[in-house]
Amino acid sequence: DGSADYEGMDGPITRLTKEIDELYNSTNSAPAGWHKKAQLQKSLRQQVRVKAHAAGFKGKTLKAIPTRVEEYARKFYVKAG
């Protein structure tokens with residue numbers, strides 16, 4: 001099914017969510033206005049894809065994660081600037 005195995009609170013999914021949170025909270029990887037800059041958006045999606053792959057996601061699930069994360073980030077991680 002393409003999903004990673006659940007391994008409890010310290011499993012790969014929990015680590016992935018923490019890494020993605022750090023990615024979008026960082027002023028280095030996601031500075032103010034990241035949501036208006038195509039190259040930054042592309043870079044963030046690529047970083048999310050790499051992290052999701054490392055967490056064990058594959059196939060259609062892996063392909064969908066970066067876009068879904070970006071949709072979420074546009075709602076909750078946009079910084080004024």
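Sequential numbering from 1 along the given sequence is applied to the chain's residues.
For the ring-ring contact (aromatic ring centres under 6.0 Å, His included) test, residues two or more places apart in sequence or in another chain that qualify with Tyr24 are Trp34, Tyr77. Here Glu71 pairs with Thr67, Arg68 under the side-chain contact (heavy atoms from CB on, under 4.5 Å) rule; sequence neighbours left out. With sequence neighbours left out, the side-chain contact (heavy atoms from CB on, under 4.5 Å) criterion links Lys63 to no other residue. In terms of the side-chain contact (heavy atoms from CB on, under 4.5 Å) criterion, Glu22 has no residue partners (sequence neighbours excluded). Partners of His35 under the side-chain contact (heavy atoms from CB on, under 4.5 Å) rule, at least two apart in sequence or in another chain, are Arg74, Val78. With sequence neighbours left out, the salt bridge (Lys or Arg N to Asp or Glu O under 4.0 Å) criterion links Glu19 to no other residue.
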Which donor-acceptor pairs under 3.5 Å do side chains of residues 25-33 form with protein atoms, sequence neighbours excluded?
residue, atom, partner, partner atom, Å
Asn25, ND2, Asp21, O, 3.2
Asn25, ND2, Asp21, OD1, 3.0
Asn25, ND2, Asp21, OD2, 3.3
Ser26, OG, Asn28, N, 3.0
Ser26, OG, Ser29, N, 3.3
Ser29, OG, Leu23, O, 2.5

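How far CD1 of Ile20 is from OH of Tyr72: 11.0 Å, rounded to the nearest 0.5 Å. Put simply, CZ on Arg49 and CG on Leu62 are 7.0 Å apart, with the number rounded to the nearest 0.5 Å. His53 NE2 to Lys51 NZ: the interatomic distance, rounded to the nearest 0.5 Å, is 14.0 Å.
When all heavy atoms are compared, the tightest approach of Ala55 to Pro12 is O-CB, 3.5 Å.
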Trace of the side chain to side chain contact (heavy atoms under 4.5 Å, CB included) decision for Gln39 with Lys42: CA-CA 5 Å; Gln39 192 59 39; Lys42 180 180 178 182; 4.2 Å; yes
